[in-house]
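Please read these numbers as outputs of a predicted model, since none were measured by experiment. Each ligand, and each atom within it, is numbered from 1 in the order the structure gives.
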Amino acid sequence: MKNVLKWPSFVLVLILSVVLSGCSTGEETTNSSGGGENAAAKGTIEQIKERGKLIAGVKYDTKLFGLKDPASGEVEGFDIDIAKALAKQILGDETKVELKEVTSKTRIPMLQNGDIDIIIATMTITDERKEQVDFSDVYFEAGQSLLVKNDSAITGLESLGGVKVLAVKGSTSAQNIREKAPDAEVLEFDNYQDAFTALKAGKGEALTTDNIILIGMQQTDNNYKLVGGNFTSEPYGMAIRKGDSAFVEEVNSLLKSMKDSGEYDTLHEKWLGSKPE
Ligand code: GLU
């Protein structure tokens with residue numbers, strides 16, 4: 001009799017453990033996909049429409065692409081105008097956009113967490129980043145260079161042995177300079193404002209990032225010059241949560257229509273002083 005009673009409880013334990021392991025597998029799948037991917041599964045475009053605004057991750061410290069004017073509080077630049085055009089395409093109103101500050105280091109986690117819908121922030125398309133996010137088509141071609149004082153003896157990568165070079169955390173520039181000038185001492189800052197302030201304070205003899213970001217700095221202080229030409233290729237793309245192909249298509253269709261209508265050329269001229277070559 002005892003044995004007969006034990007039998008069902010054994011079966012019960014077996015069934016329970018199968019059910020529980022099934023549950024925990026289910027939970028792990030949900031957890032590992034994270035908030036970001038769940039959002040992508042829902043569809044970023046639907047989320048933007050439901051919310052009634054686009055949330056774009058942009059730079060606040062990069063003249064020409066995304067710079068916050070401390071007096072007016074306005075954020076302006078090439079990336080900002082693209083964000084507005086995207087809001088107009090999706091919601092019919094270019095003012096329906098919230099511009100959230102990202103830095104080179106915070107932008108991918110913020111996208112993955114669902115804090116922002118898209119990164120439009122001087123971001124280079126790389127294979128390493130493609131493992132974490134999807135990219136739009138290229139919308140701007142930059143290249144890495146060096147910013148030094150006008151009277152500096154530094155002429156390019158070949159002069160960087162033993163030199164303190166300033167860069168920004170999470171940027172391709174910080175990674176590239178270590179490969180291209182292994183004898184330089186690289187100091188990393190959280191954002192471009194801090195890096196430029198450090199250059200002016202003499203904490204390093206050169207600042208390295210994309211030519212177009214350096215040109216923006218030089219425009220605010222003509223005691224500095226670009227040297228060494230462009231020693232990398234930095235194609236900019238907008239980053240979208242992985243797997244949301246409908247949103248990637250939406251963004252690419254915006255780029256295409258901006259190019260076809262001439263709006264892209266107008267923006268290029270507005271921010272960079274000339275039409276694209
Ligand atoms: N385009 C480079 C990058 O994506 C440098 C500019 C930046 O830090 O955003 O890393």
Side-chain angles (χ1 to χ4, degrees), residues 56-68 75-83 99-112 115-116 118-147 157 165-181 184 186-199 204 206-220 224 226 228-242 251 255 268 271-272 276:
V58 300
K59 293 287 183 76
Y60 273 18
D61 66 346
T62 303
K63 190 171 157 63
L64 305 178
F65 276 81
L67 183 71
K68 185 169 184 174
V75 191
E76 291 185 327
F78 191 84
D79 280 339
I80 309 308
D81 284 351
I82 292 182
L99 303 165
K100 266 199 193 168
E101 182 179 17
V102 298
T103 66
S104 307
K105 198 180 148 197
T106 64
R107 60 192 162 193
I108 291 180
M110 282 179 73
L111 181 69
Q112 290 177 326
D115 290 341
I116 52 177
I118 188 167
I119 300 168
I120 315 179
T122 65
M123 187 169 182
T124 302
I125 302 169
T126 68
D127 287 341
E128 204 180 318
R129 289 173 178 167
K130 274 188 195 162
E131 286 170 18
Q132 297 176 281
V133 296
D134 286 342
F135 281 102
S136 70
D137 292 338
V138 176
Y139 70 93
F140 187 77
E141 297 269 5
Q144 187 171 346
S145 193
L146 296 164
L147 188 74
L157 286 175
V165 182
L166 315 178
V168 164
K169 290 175 190 164
S171 67
T172 51
S173 335
Q175 231 175 345
N176 295 333
I177 199 69
R178 289 198 164 88
E179 283 161 30
K180 308 243 174 221
V186 182
L187 304 180
E188 295 189 17
F189 295 82
D190 283 328
N191 60 57
Y192 287 101
Q193 210 87 60
D194 289 355
F196 193 30
T197 304
L199 182 71
L207 194 165
T208 190
T209 185
D210 299 338
N211 54 349
I212 201 67
I213 300 177
L214 298 177
I215 289 169
M217 292 174 178
Q218 189 197 26
Q219 286 179 3
T220 67
Y224 293 86
L226 273 77
N230 294 345
F231 49 83
T232 70
S233 158
E234 307 289 330
Y236 289 180
M238 291 174 245
I240 286 147
R241 274 184 287 277
K242 247 194 159 343
V251 172
L255 285 176
H268 200 282
W271 293 108
L272 310 165

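For ligand 1, one of its N or O atoms has an N or O atom of S104 under 3.5 Å away. At under 3.5 Å, a nitrogen or oxygen of T122, whether backbone or side chain, sits near a nitrogen or oxygen of ligand 1. On a distance-only criterion, K59 and ligand 1 share at least one N/O pair closer than 3.5 Å.
Those atoms of ligand 1 with a heavy atom of Y236 less than 4.0 angstrom away are 1 (N). Of all atoms in ligand 1, numbered sequentially from 1 with element shown, those under 4.0 Å from a heavy atom of M123 are 4 (O). Listed by atom number, the atoms of ligand 1 under 4.0 Å from A121 heavy atoms are 9 (O). For ligand 1, the atoms closer than 4.0 angstrom to any heavy atom of T124 are 1 (N), 2 (C), 3 (C), 4 (O). The atoms of ligand 1 that sit less than 4.0 Å from any heavy atom of S173 are 5 (C).
For the 3.5 Å distance criterion, the side chains of T126 and E128 fail to qualify, holding no donor opposite an acceptor. Residues T220 and K63 have side chains that never bring a donor and an acceptor to within less than 3.5 angstrom of each other. Remark: the S171 side chain and the S104 side chain contain no N/O donor-acceptor pair separated by less than 3.5 Å.
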Would you sort out whether F189 and T197 count as a side-chain contact (heavy atoms from CB on, under 4.5 Å), showing the intermediate values?
CA-CA 10 Å; F189 295 82; T197 304; over 6 Å; no
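Contact annotation: R107 has at least one heavy atom less than 4.0 Å from an atom of ligand 1. For the pair T209 and ligand 1, a heavy-atom separation below 4.0 Å is found. Under the 4.0 angstrom criterion for non-hydrogen atoms, I213 is in contact with ligand 1. Judged by the shortest distance from any of its heavy atoms, R129 lies inside the 4.0 Å radius around the atoms of ligand 1.
Here A142 has no heavy atoms under 4.0 Å from ligand 1, in either its backbone or its side chain.
Here the side chains of T124 and Y236 are in contact, with some heavy-atom distance below 4.5 Å. Using a 4.5 Å heavy-atom threshold, the side chains of N230 and D210 count as separate. Annotation: side chain of L146 is in contact with side chain of F231 (closest heavy-atom distance under 4.5 Å). Here the side chains of L272 and F65 are in contact, with some heavy-atom distance below 4.5 Å.
Tested against M123 for a side chain to side chain contact (heavy atoms under 4.5 Å, CB included), the candidates E234, R129, K59 yield a single pass: R129.
The protein non-hydrogen atom at the shortest distance from atom 10 (O) of ligand 1 is T172 N, 2.8 Å. With respect to atom 5 (C) of ligand 1, the closest heavy atom belonging to the protein is D210 OD2, 3.3 Å.
In this structure, K100 places its NZ atom where more than 12 heavy-atom neighbours from other residues, nucleotides or ligands lie under 6.0 Å away.
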